[in-house]
Amino acid sequence: MRSEQSERDPERPRGCRGGVEGYKIAVIAGDGTGPEVIREGLKALKALSEKNGFKYETIEYDLGGKRYLKTKELVPDSVLKELGGMDAIYLGAIGHPDVKPGILEQGILLKLRFYFDEYINLRPIKLYPGVWTPLKDKGPKDIDLVVVRENTEGLYKGLGEFRDKGTKDEIALQISHNTRRGVERCIRFAFEYTRKRNKDKKLTLCGKTNVLTYAWDLWQRAFNEVAGEYKDIKTDYAHVDATCMWMVKNPEWFDVIVTDNMFGDIITDLGAMIQGGMGIAAGGNINPEGISMFEPIGGSAPKYTGRNVINPLAAICAAGMMLEYLGEENAARMLEGSVMKVTSERLKSLSAGKMGYSTSEVGDLVVGNL
Ligand code: IPM
Ligand code: MN
């Protein structure tokens, strides 16, 4: 469902390619190295629009820790309203060393995910050629999977309470909230995605049915029921702890994994490491019928800020995911091809300061190879 607050005209198709206005892309460069990497993503976007003939405009929003420290504002209602009229949101990084942990995460990142009901967090885990992985004897053929993480429920719902806070009998409850509707729409998305991806046509449910017997009972029942509608998709189940093990030992067993918010958060950081690290890992917060937000998953990296050494490929890949979602599949493919050329032929490493090139030079290389 489109979020009710949304201002986006439902009659205006997303991807009104060739239309007078083109795509409206909100840019939240954010904190730390966010602006540096977003600049490179926008550079690639510009080149791709020229080569592929789509139009777009960007509208910048100043949100993040810097603004919060100055004004105490997180996301003003007026901004939420405006964002509701966009075709997509392109986000750099949110996080500031002087702001207490949790405030910006909940007040900006999670706020946007929830407000726009971006119920899927899509995280491709793909080892590009030439990229170092800590997994011995594994290569690009083995590491190519996608995690579909539920993005609006579970433990992230924020339900819970303290009892007898501050006493020695204190209890803290943190509740995982799973609705049949929320679980089913996520599972359905995962089946559709697995079919469209057309790789091994295999979907693995990653859960914890042996211990978390309420939540995962619901997940398993919903999964089995929906599976009945997708006879062409092979299904599998793995506990989350075992999933971590297999992702390291036999990542080639996975095609698409579907899981809840918390488990998805954890296994996608593991995934980011086996695909070469935070320099390359991108994700999409997707509402298939609404406004989606694309981001490098690495964070604001304060110690590298302003030094032109951070790797922009994650942000560039996030722009690629955004293009795919907007329907510019050709441009997305072109961009991925170029990123692969750059990783296989040019970069010495994906780590900040060790690439053999600066942030802006990596952006130029990607544009040059399109
Ligand atoms: C992520 C991040 C966020 C999350 C944090 C920053 C709230 O770790 O996008 O994975 O936990 O979802
Ligand atoms: Mn995370």
Side-chain angles (χ1 to χ4, degrees), residues 28-34 37-38 41 63-68 74-75 88-126 145-160 174-178 182 186 206 240 243-244 247 257-287 291-303 305 310 313-315 317-319 321-322 325:
I28 306 172
D31 297 312
T33 50
V37 297
I38 289 296
L63 301 176
K66 256 225 255 44
R67 173 175 176 154
Y68 173 74
L74 292 158
V75 190
I89 304 171
Y90 186 37
L91 175 79
I94 300 290
H96 198 290
D98 301 337
V99 182
K100 204 175 115 207
I103 294 180
L104 302 171
E105 290 86 341
Q106 287 190 352
I108 301 178
L109 190 62
L110 298 182
K111 171 88 185 182
L112 293 172
R113 287 178 184 172
F114 280 70
Y115 183 84
F116 291 115
D117 200 18
E118 293 163 346
Y119 62 87
I120 299 297
N121 196 321
L122 193 66
R123 299 209 165 162
I125 297 164
K126 184 166 176 178
L145 59 133
V146 177
V147 176
V148 175
R149 163 185 171 189
E150 201 292 321
N151 209 31
T152 53
E153 298 196 336
L155 285 165
Y156 278 67
K157 194 87 181 174
L159 291 180
Q174 191 88 49
I175 295 167
S176 177
H177 185 267
N178 300 265
C186 174
C206 162
V240 62
T243 302
C244 291
M247 277 174 74
I257 297 176
V258 63
T259 190
D260 79 355
N261 211 339
M262 188 75 256
F263 293 166
D265 179 46
I266 297 166
I267 68 169
T268 54
D269 266 23
L270 173 60
M273 286 303 120
I274 68 172
Q275 75 181 125
M278 289 301 180
I280 192 93
N285 302 279
I286 295 179
N287 176 338
I291 294 137
S292 300
M293 176 167 75
F294 299 85
E295 53 173 341
I297 73 174
S300 60
K303 77 172 183 190
T305 301
I310 195 86
L313 287 182
C317 291
M321 291 182 77
M322 178 167 70
Y325 154 87

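First listed ligand is number 1; within each ligand, the first listed atom is number 1. No experiment lies behind these values; they were computed from the predicted model shown.
- The backbone N or O of Leu155 sits nowhere less than 3.5 Å from a side-chain atom of Glu153 that would complete a donor-acceptor pair.
- Of the charged side-chain nitrogens involved, at least one lies within less than 4.0 Å of a carboxylate oxygen, so that Asp265 and Arg149 count as a salt-bridged pair.
- Within 4.0 Å of ligand 1, contacts by protein heavy atoms are made from Glu105, Leu109, Arg113, Arg123, Arg149, Tyr156, Asp265.
- The closest donor-acceptor contact from the side chain of Asn151 to the backbone of Ile286 lies at 3.5 Å or more, if one exists at all.
- Only protein N, O or S atoms were scored, and 1 of them lie under 2.8 Å from the Mn ion (ligand 2).
- Residues Asp117 and Asn287 bring no donor and acceptor atom of their side chains to less than 3.5 Å of each other.
- When the shell of 6.0 Å around CD of Gln106 is examined, it contains 12 or fewer heavy atoms from other residues, nucleotides or ligands.
- Taking Arg123 as the reference, nothing meets the salt bridge (Lys or Arg N to Asp or Glu O under 4.0 Å) condition, with sequence neighbours excluded.
- Judged purely by atom type and a 3.5 angstrom limit, Tyr90 uses its side chain to pair as donor or acceptor with the backbone of Ala315.
- Between the Ser300 side chain and the Gly32 main chain, no donor and acceptor come within less than 3.5 Å of each other.
- Residues passing the side-chain contact (heavy atoms from CB on, under 4.5 Å) test with Ile103 are Tyr68, Leu74, Val99, Lys100, sequence neighbours excluded.
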